[in-house]
Protein chains: 2
Amino acid sequence: MATSTVENYLKHILLLSEGGEELVPMGALAEALAVVPGTVTTMVKSLADSGHVEHRPRQGVRLSAEGRRVALNVLRKHRLVETFLVNVLKMDWATVHAEAEQLEHAISDEVLDRLDALLGHPTTDPHGDPIPSRQGKIDSQVYATLATCVVEKGLRVVRITEQSAEFLQFADLNGLQPGASLRVTERNLAAGLVSVKKTTGRPLILSLAAAGKILVQPAR
Amino acid sequence: MATSTVENYLKHILLLSEGGEELVPMGALAEALAVVPGTVTTMVKSLADSGHVEHRPRQGVRLSAEGRRVALNVLRKHRLVETFLVNVLKMDWATVHAEAEQLEHAISDEVLDRLDALLGHPTTDPHGDPIPSRQGKIDSQVYATLATCVVEKGLRVVRITEQSAEFLQFADLNGLQPGASLRVTERNLAAGLVSVKKTTGRPLILSLAAAGKILVQPAR
DNA sequence: AGATTTATTTTGACTATTCAAAATAGGTCG
DNA sequence: CGACCTATTTTGAATAGTCAAAATAAATCT
Ligand SMILES: [Mn+2]
Ligand SMILES: [Mn+2]
Ligand SMILES: [Mn+2]
Ligand SMILES: [Mn+2]
């Protein structure tokens, strides 16, 4: 019964609130949804009327328990669909985000369950993004990034937190997929650069901005 | 760029015009789309403005070449999705129609092609409905039905032309799936009944209305 | 404190889609 | 032919979502 517009609003509020507690500023939401701020104000008020969010005028929005439930379900659909598109249909991981953006609103919970089973109940999508469980639990572990981790330690890529096709294409081409092993050889804050050595392939230099999008954990 | 409303209008015009040539009366379209006639008049005029249909006031609508192209693409998506849901996700053929009704508007041509390949380029969906080719060709062969076919000849079910879950459930339960072998043992026009003997299972009696929804061809 | 910048909200308008109800064009039938 | 029936069209109004631009509140900066 939630329209896809409503689902998108709720999903982005969830994504912007790092778990669902903090107030999301209207401007940030407008930016994420690619609409003007006035539109967000209007929609958020109606979302508040329907009990999906709490609106603190001039401060921001926060999901209600019900809003969070809906948002997690949409996010689960999004990420399971991405997994399906990559693992089963063999699509390019750089392009599946746009596809999933539509499909997340079109698949039923029934299809969702069957996809989940077909895929073997995955816990992360092709980008390493955690897939909320059927019950709405989502892994909220905090990871270091290539911009913040310790230098000269063995690391494993766990996640790429960026959905633009260009960046993902670039990451893929340079062996930065979840599971890849590497270490940071040098970090120059002044120059804003991070040097990375992968176990295989040539050394790589990233900007701090790019490095900040690659989440890592200590190699097992 | 066509909205899903537009896609639904075009698809139903195609379905109601037996191939695309005849004029579809506004009332029939309104009924198929479950909207009031006035709404159809309004929408059809805008579809005519965008070049998707030709509107003969007071007579009906007909698809333009472009409208037909769009409609066939949507129909192809619908039927390939149904095939996927049944063959891969093992869903009940009685329920996939409603799912496909949404998904047909959400999958891209890219995903469509990959689904087609995954399924081995099927030419009919689980109900025996022909799947339009990528180039927009669709099998328009005319078949007899259990209400019109010859009596006491070996037959094979080719298609069930009804998408309601109840009817499909009933057909499935009684062994009336595409491919099933049977013959009509008796037809009583006065009583409006058709008696059917399947190769396996007990004899079956259908109303003429129900029998008319089962398309058959002479057993090979 | 007063002025200025910035984020948010308001207002007015527009598109797409729909319905209810009234108006109308075409037949049809006596 | 004229009354009548039926399908279609018109008219007026509603809902969801959006934008542009003006108004306003809050925060920041002399
Ligand atoms: Mn979306
Ligand atoms: Mn992802
Ligand atoms: Mn549809
Ligand atoms: Mn079908």
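By convention in this document, chain letters (A, B, ...) are assigned in the order of the sequence lines, proteins followed by strands, and residues within each chain are numbered from 1.
- In terms of phosphate contacts, A/Thr39 brings no side-chain nitrogen or oxygen within less than 4.0 Å of OP1 or OP2 of D/dT18.
- To the nearest angstrom, C1' of C/dT8 lies 16 Å from CD of A/Glu31.
- Side-chain proximity of B/Lys45 to the nucleotides D/dT10, D/dC19, D/dT8 is greatest for D/dT10.
- For the pair B/His55 and D/dT8, the criterion of a side-chain N or O lying under 4.0 Å from OP1 or OP2 is not met.
- One atom, CE of A/Met26, and another, C1' of D/dA26, lie 15 Å apart when rounded to the nearest Å.
- Closest to the side chain of A/Thr41, from the set C/dT18, D/dT9, C/dT9, is C/dT9.
- Put simply, the residue from A/His105, A/Glu104, A/Glu7 that forms a side chain to side chain donor-acceptor pair (under 3.5 Å) with A/His78 is A/Glu104.
- Separating the CG atom of B/Leu33 from the P atom of C/dT17 is a distance of 12 Å, rounded to the nearest angstrom.
- For B/Val36, the side-chain atoms get nearest to C/dC19 when compared with the rest of C/dC19, C/dT17, C/dT8.
- Note on A/Glu66 versus A/Arg69: salt bridge recorded, some NZ/NE/NH1/NH2 to OD/OE distance being below 4.0 Å.
- Phosphate contact (OP1/OP2 of C/dT17, side-chain N/O of B/Thr3, threshold under 4.0 Å): present.
- Salt bridge absent: B/Asp109 and B/Arg134 never bring a charged side-chain N and a carboxylate O closer than 4.0 Å.
- Candidate nucleotides C/dT17, D/dG17, D/dT8 were compared by shortest atom distance to the side chain of B/Pro37, and D/dT8 ranks first.
- Atom CE in A/Met1 sits about 18 Å away from atom C1' in D/dT15, given to the nearest Å.
- In this structure, A/Leu29 places its CG atom 15 Å from P of C/dA7, rounding to the nearest Å.
- B/Leu23 places its CG atom 15 Å from the P atom of C/dG26, with the value rounded to the nearest Å.
- Looking at which nucleotide of DNA chain D each of A/Tyr9 and A/Gly38 is closest to, the 5′-most match is held by A/Tyr9.
- The base of D/dT24 sits within donor-acceptor range of the side chain of A/Arg58, with an N or O pair under 3.5 Å.
- Taking every side-chain heavy atom of A/Val6 into account, D/dG17 is the closest of D/dT9, D/dG17, C/dT8.
- Here the side chain of A/Pro25 is nearest to one of C/dT17, C/dT8, D/dT9, namely C/dT8.
- If you check the side chains of B/Gln163 and B/Asp129, you find no donor sitting under 3.5 Å from an acceptor.
- In this structure, A/Met43 atom CE and D/dC19 atom P are separated by 12 Å, rounded to whole Å.
- Two rings, from B/His97 and B/His127, have their centers 6.0 Å or more apart.
- The NE2 atom of B/His12 sits 16 Å away from the P atom of C/dT17 (whole-angstrom rounding).
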